[in-house]
Amino acid sequence: MGNWFQQSIVATGRLPLFCYFVMLIAAFIATRINVRLIRAKVGWFRNVNVGEMHIHHVVFGVVLMLVGGVTLIVSPGSQAGTAVAASVFGVGSALVLDEFALILHLHDVYWEEEGRTSVDAVFIAVAVTGLLLIGLRPLTWDYGTPVNPAALIVANLALAVVTLLKGKIWTGMAGLFVPPMLLVGAIRLARPGSPWAHWFFARRSPRKMARAIHREERWRRPVIKVKIAFQEFLSGRHDLPSSRRGRRHT
């Protein structure tokens, strides 16, 4: 194990990325344990308040990301020092992403259904960092063809945008590292709630919309249920009624 770590992580210069990856996961798990204990009113676990103002942990995350990010910029280049700064940045990232839904909605939806967006954001960050850690790089793929690399990058980006607009977030993110997945995602039918479906066939093609809804209910819903069950096991139940429904943005 020691030899593998030395050869695959340290020798390849991936120690800072490894530290970021580990601290991102560890800080997220620790944060979720803490907030679940606060919600259950266990022992001395309480929210951080200044007077009547509740200080969300995203605030501490932003500060840690600034400290870690600036340290990475001004670091003299030693791998050990960079690894420490990356660890701080990882902790800050976990705290920020854990309240990503709050930033997105500009409203405290932490335990509401919309709050699952935060868990999705953390999962995506962990997945992307894991792919980088094993040596994959986005938008690089050896096709064995004499095509201009710049043209391939532009084509991959275009396919990624189409795939994401079709509502296929995981396919789009993974496809940045394995571009053939983007071709599949861009060709296949869009999800019914996606911007692509809304723009191109929600009203113009009822038959195509019906097919998209059928696929969503038959294939995707069971997968989503499993994902939600795992997320709730890890991060707690997002079971509060939505406070966003019927609320107008001002």
Side-chain angles (χ1 to χ4, degrees), residues 1-40 42-48 54-104 108 110-111 115-138 169-170 173-174 176-177 227 230-236 238:
M1 184 66 180
N3 290 335
W4 171 85
F5 185 80
Q6 179 65 35
Q7 295 174 4
S8 301
I9 302 299
V10 179
T12 57
R14 296 176 192 165
L15 181 60
L17 183 61
F18 176 81
C19 292
Y20 172 84
F21 180 71
V22 171
M23 295 309 297
L24 174 66
I25 296 174
F28 170 67
I29 294 175
T31 300
R32 280 288 164 165
I33 291 174
N34 183 65
V35 295
R36 292 177 73 175
L37 291 173
I38 291 173
R39 192 184 192 194
V42 175
W44 53 270
F45 292 93
R46 294 290 184 271
N47 289 318
V48 177
H54 169 53
I55 307 298
H56 290 272
H57 51 266
V58 64
V59 175
F60 302 102
V62 170
V63 173
L64 290 175
M65 288 182 70
L66 285 172
V67 172
V70 172
T71 303
L72 285 170
I73 294 172
V74 302
S75 174
S78 67
Q79 192 167 194
T82 306
V84 172
S87 299
V88 174
F89 195 85
V91 174
S93 298
L95 294 174
V96 170
L97 291 175
D98 188 56
E99 293 201 311
F100 176 77
L102 182 150
I103 301 171
L104 180 64
D108 190 357
Y110 195 87
W111 292 117
R116 293 196 184 104
T117 307
S118 296
V119 187
D120 287 331
V122 174
F123 279 20
I124 290 174
V126 170
V128 170
T129 307
L131 291 172
L132 290 170
L133 193 58
I134 64 176
L136 295 179
R137 292 295 179 266
I169 306 301
W170 282 100
M173 297 303 298
L176 293 175
F177 297 86
K227 184 196 76 170
F230 176 71
Q231 287 182 341
E232 290 186 343
F233 168 77
L234 182 66
S235 60
H238 296 80

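Owing to the predicted nature of the structure, the values given are computational and were not obtained by experimental measurement.
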Taking the side chain as everything from C-beta on, heavy atoms only, tell me whether I9 gets closer than 4.5 Å to L133. yes
Note, T117 side chain near L104 side chain (heavy atom, < 4.5 Å): yes
Looking only at heavy atoms, the pair that brings V91 and A27 closest together is CA-CB, 3.9 Å
Quick one: are T71 and F89 in side-chain contact, heavy atoms under 4.5 Å? no
Nearest heavy-atom neighbours spanning M65 and G92: CG-C, 3.5 Å
May I ask you to decide if F5's main-chain N or O and S8's side chain share a donor-acceptor pair within less than 3.5 Å? no
Candidate list I103, V48, L102, test side-chain contact (heavy atoms from CB on, under 4.5 Å), partner H56, passing option: L102
Taking side chain as C-beta onward, heavy atoms only, is I25 less than 4.5 Å from V22? no
Output every pair passing salt bridge (charged side-chain N to carboxylate O under 4.0 Å, His left out) with a member in residues 85-98, not counting sequence neighbours, ordered by first then second residue. R32-D98
Hey, could you give me the CG/CZ distance between L136 and F177, rounded to the nearest 0.5 Å? 7.0 Å
Working to the nearest 0.5 angstrom, can you tell me the gap between I124 CD1 and M173 CE? 6.0 Å
Sequence neighbours left out, what passes ring-ring contact (aromatic ring centres under 6.0 Å, His included) with W170? Give chain and number order. none
Kindly indicate whether the side chain of V126, heavy atoms from C-beta on, has any atom under 4.5 Å from the side chain of F28. no
Backbone N or O of A11 within a donor-acceptor pair of the R14 side chain at under 3.5 Å? no
Interatomic distance, T31 atom OG1 to R36 atom CZ [nearest 0.5 angstrom]: 13.0 Å
Would you give the length of the straight line joining atom OG1 of T12 to atom CZ of F18, rounded to the nearest 0.5 angstrom? 11.0 Å
Kindly indicate whether the side chain of D120, heavy atoms from C-beta on, has any atom under 4.5 Å from the side chain of F100. no
Closest non-hydrogen contact found for G115 with A101 is CA-CB, 3.8 Å
Of all heavy-atom pairs between H238 and E232, which one has the smallest distance, and what is that distance? N-OE2, 4.0 Å
Any heavy-atom pair between the side chains of F21 and L132 that's under 4.5 Å? no
Approximate separation, where rounding is to 0.5 Å, of L234 CG and F123 CZ: 5.5 Å
Quick check for you: to the nearest 0.5 Å, what is the distance between L24 atom CG and L95 atom CG? 10.0 Å
